[in-house]
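Just below is one structure, and these are the notes that go with it.
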Amino acid sequence: MSGSSEGPTPATELNRPVVTESEILASPGAEVAARAERAEPVEFAEPADPGEPAASGEPADPVRPADPLRPAGLVEPVESPSPRSPAPPSYRSVFTAAPLAMAVVDREGMVTGANAALADLLGRDQDTLTGAVAADLVDLASDARTWHAYRELLRGRRARLRCTRRLKHPEGHALWVRVTVAPLPPDGGGVLVSVADISDHRALQARLRHLRMHDPVTRLPNRTLFFERLTTALEAESYAESGTGRIGLCYLDLDGFKAVNDTLGHRVGDQLLAAVAERLTRCAQHAGRARAGIPLVARLGGDEFALLVEDSTGTEQLADLAESLLDAIQEPFDLSGRRLKVSASIGVVERHAAGTTPTALMQAADTTLYWAKADGKARWTLFDPERNASRVTRQALASSLRPAIDRGEFALEYQPLVGMDDDRVHGVEALIRWHHPRFGTLTPNRFISLAEEDGSIVPLGRWVLRTACRQARAWQTQHPDEPPIFVSVNVAVRQVWDSDLVADVADTLEETGLPPHLLQLELTESAVMGSSGRPLQVLEALSGMGVRIAIDDFGTGYSNLAYLSRLPVSVLKLDGSFVRGFQIEDRTAKASPADEVIVEAMVQLAHRLGLTVTAECVETSAQATRLRRIGCDTGQGWLYSRPVPPDRISELLGTPGVQAGVGNP
């Protein structure tokens with residue numbers, strides 16, 4: 001007879017001897033037990049009489065009390081009467097014998113059971129663990145975030161917690177563990193705490209980190225560790241509550257280390273670096289004994305080292321440290337039978353930590369180290385904000401120089417060249433000005449050297465040449481009844497080498513219609529003297545066109561007078577230092593004739609070579625009188641006029657007696 005829905009359980013179900021793993025995971029609360037043990041299938045006990053179902057569908061054997069380690073809905077297996085199928089271990093026995101340290105903790109956070117592995121790991125008697133506060137055993141209350149998560153898990157509001165803790169073993173050594181806390185089934189209540197020993201793993205991590213953070217040659221901290229420490233030192237939490245709130249840095253570079261590597265080999269070079277590192281470390285330790293902390297010594301790469309001083313007390317402390325470093329390094333080194341002597345340059349920076357970034361501090365130190373090397377090496381230099389501001393300005397000008405030409409930010413002013421015998425304007429010198437949108441009007445000494453460095457002097461010089469020639473031609477047209485004046489244009493050496501100056505001049509003269517004899521090109525004495533090859537050919541070609549060549553600042557360079565006679569030069573411009581020597585501050589004192597004798601000799605020599613002479617920096621009538629008596633041809637200076645716009649020059653043309661500042665604003 002077929003059974004109804006309320007009839008007895010089919011025999012096929014009763015005779016099934018095992019419950020599969022999939023059914024365990026499907027039952028309430030079984031997932032935790034399934035994770036705790038992936039073992040043999042669990043068997044249920046069979047009824048006493050296979051042909052007779054148990055009453056009410058229950059198994060014939062009694063059921064033991066619930067165990068918190070057993071998943072809900074499962075009955076603890078009993079020993080099977082069959083000799084062919086040995087009984088699997090209970091969950092309690094698995095918990096007890098497991099090599100993983102574990103403890104069962106109730107909702108109040110008290111340990112209700114712990115296995116032997118946990119007792120061995122913590123170095124405690126297993127009996128003392130029951131009733132202990134679990135959080136104290138594995139240090140879960142040491143930080144607020146972990147403690148909050150643990151309390152939430154005990155209340156059933158969190159599914160899992162995993163953290164790493166450093167414990168102190170009763171025997172005195174440190175113990176690193178990974179703690180995992182997971183909830184037990186609702187019937188059992190509480191949580192399961194498992195603790196894994198990861199001390200060996202942490203030791204390996206520490207070893208690898210040490211190798212990654214230290215230089216293999218000197219054993220010093222490397223660049224990575226240095227910047228890690230520097231970043232930490234500049235965090236507000238590091239200095240807000242204690243210390244001086246300041247930070248210092250000595251950035252050191254060995255002078256001439258490359259020569260050691262090139263001549264003696266990298267092996268000796270490495271030995272030298274190791275020896276230097278040892279001396280730097282000793283200096284740092286000595287400095288640390290006098291202060292609160294020992295500076296960090298690091299090798300940043302190559303022959304560069306850095307000493308980081310946290311909570312520095314001022315520039316005096318850093319200066320004393322830098323002096324000791326220089327003294328230590330200057331002592332000879334004995335390396336494998338070789339005696340080497342080297343020096344070092346050090347950039348020193350000391351400032352408030354607040355508002356400073358690692359990048360800004362290192363940029364300042366690198367700049368200061370460059371200053372130390374530029375000033376002669378074997379010295380330390382302290383960071384100077386004003387000097388650095390000048391460097392920053394210089395970089396800003398260099399980056400905007402070429403675009404400024406296209407934007408039309410440059411203009412020319414003209415300073416008269418006045419005849420000493422008639423006080424009339426014979427010519428003008430074109431002087432460039434840069435109307436910078438940020439820094440205002442800049443004179444040539446602020447940017448010409450930059451233009452020569454980056455090559456922008458070529459297009460800039462070409463613009464000056466064309467603008468000056470066009471203006472000279474305009475004056476000639478506007479004043480046809482006056483003798484035409486010449487225009488003098490400064491030419492840099494790089495224009496001679498990097499451009500076709502002869503072609504540029506020829507094209508400009510043709511374009512503007514200015515006669516060649518009304519153009520004068522000025523080159524410095526150091527650029528002209530000793531010229532050969534291409535520069536000499538350029539000068540000869542320009543002179544052959546009828547262009548006048550003048551030597552500017554004569555008397556400050558080589559002054560090779562014998563060579564002067566072989567150059568196609570027509571004008572000498574005496575440097576202003578000679579003319580300023582004429583001026584007597586004390587009117588009661590007698591003038592020394594030395595300066596006047598020197599100038600007179602140069603003027604006479606120039607005249608005998610067929611050259612004319614222009615005196616620069618004429619500022620007083622007395623100077624003009626003495627220069628006139630000596631025989632100087634023309635004068636230039638504030639006595640006659642400062643550099644002025646083109647329209648002011650038009651007012652001076654044809655005006656006799658141009659002196660006493662007539663052309664000045």
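Sequential numbering from 1 along the given sequence is applied to the chain's residues.
- Of all heavy-atom pairs spanning Gln476 and Pro515, the tightest one is OE1-CD, 3.8 Å.
- The structure places CZ of Arg548 at 8.5 Å from NE2 of His517, a figure rounded to the nearest 0.5 Å.
- For Phe257, the CZ atom sits in a packed shell: over 12 heavy atoms of surrounding residues, nucleotides or ligands are nearer than 6.0 Å.
- The shortest distance between side-chain heavy atoms of Trp380 and Cys250 does not fall below 4.5 Å.
- Between Ala364 and Val349, the shortest heavy-atom contact is C-CG2, 3.7 Å.
- Electrostatic pairing of Asp255 and Lys373 counts as a salt bridge here, judged by a charged N lying under 4.0 Å from a carboxylate O.
- Applying the 6.0 Å contact sphere to NE2 of His352 captures no more than 12 heavy atoms from other residues, nucleotides or ligands.
- Under the 3.5 Å distance criterion, with hydrogens and angles disregarded, no donor-acceptor pair is assigned to the side chains of Thr368 and Thr381.
- A parallel orientation is assigned to the rings of Trp371 and Phe383, their planes being inclined by less than 30° (bins at 30° and 60°).
- With rounding to the nearest 0.5 angstrom, the CG atom of Leu523 is 12.0 Å from the NZ atom of Lys573.
- For the atom pair Leu431 CG and Thr443 OG1, the distance stands at 10.0 Å (nearest 0.5 Å).
- Between the side chain of Arg446 and the main chain of Trp434, no donor-acceptor pair closer than 3.5 Å is present.
- Under a 4.0 Å N-O distance rule, the pair Arg473/Glu511 does not qualify as a salt bridge.
- The main-chain N or O of Thr313 is found under 3.5 Å from a side-chain atom of Gln317 such that the two form a donor-acceptor pair.
- Taking the side chain as every heavy atom from C-beta outward, Ile329 and Arg279 never approach each other to under 4.5 Å.
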Test salt bridge (charged side-chain N to carboxylate O under 4.0 Å, His left out) applied to Arg391 and Asp384, step by step: CA-CA 11 Å; Arg391 179 188 65 88; Asp384 182 2; over 6 Å; no

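- Here the side chain of Asp633 pairs a donor or acceptor atom with the backbone of Val613 at under 3.5 angstrom.
- Residues Thr367 and Arg387 have side chains not in contact (no heavy-atom distance under 4.5 Å, counting atoms from C-beta outward).
- Side-chain contact check for Arg438 versus Ser400: every heavy-atom pair is 4.5 Å or farther apart.
- The closest donor-acceptor contact from the side chain of Ser399 to the backbone of Ala396 lies under 3.5 Å.
- With respect to Glu413 and Arg433, a salt bridge is recorded, a charged nitrogen being found less than 4.0 Å from a carboxylate O.
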Trp463/Leu412 under side-chain contact (heavy atoms from CB on, under 4.5 Å): CA gap, chis, key distance, verdict: CA-CA 10 Å; Trp463 176 86; Leu412 292 183; 4.0 Å; yes

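- A 4.5 Å side-chain heavy-atom check between Leu518 and Val487 finds every atom pair outside the cut-off.
- For the pair Trp475 and Val428, the minimum side-chain heavy-atom distance is below 4.5 Å.
- At distances below 3.5 Å, not a single donor-acceptor pair connects side-chain atoms of Arg379 with backbone N or O atoms of Leu326.
- Using a cut-off of 4.0 Å between Lys/Arg side-chain N and Asp/Glu carboxylate O, Asp507 and Arg462 are scored as not salt-bridged.
- A donor-acceptor contact closer than 3.5 angstrom is absent between the side chains of Arg626 and Gln623.
- The distance between the ring centers of Phe439 and Phe447 does not fall below 6.0 angstrom.
- Each of Val603, Val579, Thr614 was compared with Leu627 under the side chain to side chain contact (heavy atoms under 4.5 Å, CB included) criterion, and only Val579 meets it.
- Using a 3.5 Å distance cut-off with no hydrogens or angles, the side chains of Ser488 and Gln520 do pair a donor with an acceptor.
- Remark: side-chain polar atoms of Ser570 are paired, donor with acceptor, to backbone N or O of Ile549 under 3.5 angstrom.
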Determine, step by step, whether Leu230 and Met362 satisfy the side-chain contact (heavy atoms from CB on, under 4.5 Å) criterion, reporting the C-alpha distance in whole Å, the side-chain angles of both residues, the deciding distance to 0.1 Å, and the verdict. CA-CA 10 Å; Leu230 176 59; Met362 290 305 300; 4.3 Å; yes

Worked check of side-chain contact (heavy atoms from CB on, under 4.5 Å) between Ile432 and Leu460: CA-CA 10 Å; Ile432 191 171; Leu460 183 60; 3.5 Å; yes

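- A donor-acceptor pair is defined here as one N or O able to donate and one able to accept, closer than 3.5 Å; no such pair exists between the side chain of Arg648 and the backbone of Pro646.
- Counting heavy atoms from C-beta outward, Val493 and Glu452 have side chains that stay 4.5 Å or more apart.
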Applying side-chain contact (heavy atoms from CB on, under 4.5 Å) to Val464 and Val489, what does each step give before you reach the verdict? CA-CA 8 Å; Val464 172; Val489 177; 3.8 Å; yes

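- Judged by distance alone, with hydrogens and angles left aside, the side-chain atoms of Thr244 form a donor-acceptor pair with the main-chain N or O of Ser312 at under 3.5 Å.
- Pairing each heavy atom of Met420 with each of Gly635, the nearest pair is SD-N, 3.5 Å.
- In this structure, Arg299 contributes its side chain and Gly302 its backbone to a donor-acceptor pair below 3.5 Å.
- A cation-pi contact, defined as under 6.0 Å to the ring centre and within 45° of the axis, links Arg642 to Trp638.
- How far CD of Glu409 is from NE2 of His436: 6.0 Å, rounded to the nearest 0.5 Å.
- Checked for salt-bridge contact, Arg629 and Glu596 meet the test: a charged N lies under 4.0 Å from a carboxylate O.
- Within the 3.5 Å criterion, the main-chain N or O of Leu539 finds no donor-acceptor partner in the side chain of Ser543.
- Here the CG-OG1 distance, from Leu361 to Thr356, works out to 6.5 Å after rounding to the nearest 0.5 Å.
- The environment of CD in Glu316 is sparse: at most 12 heavy-atom neighbours from other residues, nucleotides or ligands sit within 6.0 Å.
- Contact annotation: the side chain of Leu519 approaches that of Leu465 to within less than 4.5 Å [non-hydrogen atoms, C-beta and beyond].
- Atom CG of Asp504 and atom CG of Leu542 lie 10.0 Å apart (nearest 0.5 Å).
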